[in-house]
Amino acid sequence: LQLRDNENAIKALERILKIDATNDKLYFRLGLVYMRTGSIEGAIKAFEQAININPHEVNYHLQLADVYEKTNEHEKALKVIFQGLTYFPDSSPLQISAAKSERRLGKYKESLERLENLRSQGADLPPHWKLEYDIELCFFYDQRNNAYLAFHHFTKANSTVRSLPEYQKVDTNHSLDLIRNLGELDFGNINKIINFSKNNPPQVQPVFFVGFPRSGTTLLQKVLDSHHDIQVIEENNPLGRVTSLIESEPEKYLKGSFLLNTKNIKKLQAIYFSEAKKYVSIDDGSVIVDKLPMNIVQVPIIKILFPGAKILLGLRHPCDCIL
């Protein structure tokens, strides 16, 4: 876990849980590692198991609700939060999480009442939840066209972020470093690897739907998913397991000698498909659309593993995104 060796962490945790199947802390950690690798289904199952074993741990409820919130399943998130509130009625983090889900479900009155109750109680919030509290008020007032109060809370939120110890530790160049490592292959070598991959194409070539947040990708995904011959993987990131491997040992996986080996390419493709099968049927002839906007930074990896893959780019006028 500490080495961020996610693959071996999952194997170790699952091995221990076969011996100690009632250890809620291990299930919780397993859920966190699944979140790191982009395995949403695995994270949900692990967090649910932790709650079933020990419902008296507030973080278990918060994490499971957070997974549902991130995947836009706000009703499920709210259900988990309400379950947690039966055990922890005075939990400010649960109240803030409930306010977020209620806001996203259009229940603005309920959302604001929760947040105002926290303020009136003079809740002494830890910095992270103070940040979440102000962010919720930012969004609430912004959606109610109160620009003055929205800006006030955005300013407070930004101030809190800069005070957090983890803010100082963030590797802001993480994605850029991965791209730089790919760049060391140089474009000529990447093209050589892609041409090599073309000689051994996988049976299924997914379509990768990329773009930027707030560019209308969810709406377009719903349109695509309505077609009977199309299956969409909605932001579950099966490519995440592959990229986490590459990011953990770029000097190994990005060497031309590694990628110019059919067995190695097939292994990485198999890792992708083993994750994708959790969400869609791979072998029924459907078009598989893998929708995750920020996979735009993984295009070199996509083209190496799936040289025939079509890539859809969602674009929207910047004013529509910002305003």
Side-chain angles (χ1 to χ4, degrees), residues 35 58-59 61-63 65-75 77-78 80-82 84-85 90-176 210-221 235 292-294 296-297 313-323:
M35 285 295 289
V58 69
N59 282 331
H61 299 277
L62 287 168
Q63 282 291 345
D66 188 55
V67 177
Y68 282 131
E69 198 276 331
K70 281 184 168 62
T71 54
N72 295 316
E73 295 187 79
H74 307 300
E75 293 281 5
L78 208 50
V80 170
I81 293 164
F82 287 159
L85 284 168
D90 299 323
S91 166
S92 299
L94 282 172
Q95 295 288 356
I96 293 168
S97 295
K100 177 190 286 189
S101 293
E102 285 169 338
R103 173 182 60 79
R104 298 195 70 177
L105 286 165
K107 299 178 180 180
Y108 298 114
K109 181 183 176 184
E110 295 91 331
S111 177
L112 184 60
E113 281 179 358
R114 282 186 194 280
L115 297 172
E116 287 184 335
N117 283 339
L118 286 175
R119 180 188 294 163
S120 64
Q121 292 167 13
D124 186 17
L125 297 170
H128 172 75
W129 287 104
K130 181 183 175 186
L131 171 65
E132 290 291 326
Y133 172 79
D134 278 308
I135 286 174
E136 272 315 296
L137 286 169
C138 299
F139 284 123
F140 176 85
Y141 287 120
D142 182 42
Q143 289 170 347
R144 309 313 287 171
N145 294 319
N146 189 330
Y148 175 80
L149 282 176
F151 198 84
H152 168 72
H153 286 286
F154 271 122
T155 304
K156 288 180 71 176
N158 283 337
S159 176
T160 302
V161 165
R162 294 189 186 101
S163 71
L164 296 174
E166 54 264 38
Y167 177 81
Q168 309 299 326
K169 297 177 185 176
V170 169
D171 180 5
T172 53
N173 289 321
H174 178 76
S175 292
L176 292 173
V210 302
F212 294 95
R214 318 311 306 161
S215 59
T217 54
T218 299
L219 177 60
L220 286 170
Q221 169 240 314
E235 301 199 16
L292 186 66
M294 290 314 294
I296 193 166
V297 301
L313 173 62
L315 293 176
R316 189 178 185 184
H317 193 286
C319 287
D320 290 322
C321 299
I322 296 166
L323 298 180

For this session: Quick one: do Val67 and Val80 satisfy side-chain contact (heavy atoms from CB on, under 4.5 Å)? Show the steps, please.
Result: CA-CA 11 Å; Val67 177; Val80 170; over 6 Å; no
Exercise. Just how far is it from atom SG of Cys138 to atom CG of Asn158, taken to the nearest 0.5 Å?
Worked result: 8.0 Å
Exercise. Within 45 degrees of the axis of the six-membered ring of Tyr108 and under 6.0 Å from its centre: does Arg144 put its NZ or CZ there?
Worked result: yes
For this session: Would you indicate whether Phe151, at its atom CZ, is surrounded by more than 12 heavy atoms from other residues, nucleotides or ligands within a distance under 6.0 Å?
Result: no
For this session: Please say whether more than 12 non-hydrogen atoms of neighbouring residues, nucleotides or ligands are located less than 6.0 Å from CZ in Phe154.
Result: yes
Problem set entry | Asp134/Lys130 salt bridge by N-O under 4.0 Å criterion | no
Exercise. Picking from Arg103, His153, Lys100, what satisfies side chain to side chain donor-acceptor pair (under 3.5 Å) with Glu136?
Worked result: Arg103
Do [X] and [Y] have side chains that get closer than 4.5 Å, going by heavy atoms?
X: Trp129; Y: Ser97; value: yes
X: Leu137; Y: Leu149; value: no
X: Arg119; Y: Tyr133; value: yes
X: Leu105; Y: Glu75; value: yes
X: Pro93; Y: Val58; value: no
X: Leu85; Y: Gln95; value: yes
X: Leu78; Y: Glu110; value: no
X: His61; Y: Ile81; value: no

Exercise. Who passes salt bridge (charged side-chain N to carboxylate O under 4.0 Å, His left out) against Arg104, sequence neighbours left out?
Worked result: Glu69
Show the nearest heavy-atom pair for residues [X] and [Y], with the distance to one decimal.
X: Thr217; Y: Pro293; answer: OG1-CG, 3.5 Å
X: Gly314; Y: Ser215; answer: O-OG, 3.7 Å
X: Ser92; Y: Leu118; answer: OG-CD2, 3.6 Å
X: Ile135; Y: Ala157; answer: CG1-CB, 4.0 Å
X: Ile296; Y: Gly211; answer: CG2-O, 3.8 Å
X: Leu164; Y: Pro127; answer: CD2-CB, 3.4 Å

Problem set entry | side-chain contact (heavy atoms from CB on, under 4.5 Å) between Val161 and Leu131, worked out | CA-CA 7 Å; Val161 165; Leu131 171 65; 3.4 Å; yes
Problem set entry | Side-chain donor/acceptor of Ser163 to backbone N/O of Thr160, under 3.5 Å | yes
For this session: Can you sort out the partners of Gln63 under side-chain hydrogen bond (donor to acceptor under 3.5 Å, both in side chains), two or more places apart, ordered by chain and number?
Result: none
For this session: Identify, with sequence neighbours excluded, every residue that meets side-chain hydrogen bond (donor to acceptor under 3.5 Å, both in side chains) alongside Tyr68.
Result: Glu48
For this session: Applying side-chain contact (heavy atoms from CB on, under 4.5 Å) between Lys107 and each of Glu102, Glu113, Arg114, report the one that passes.
Result: Glu102
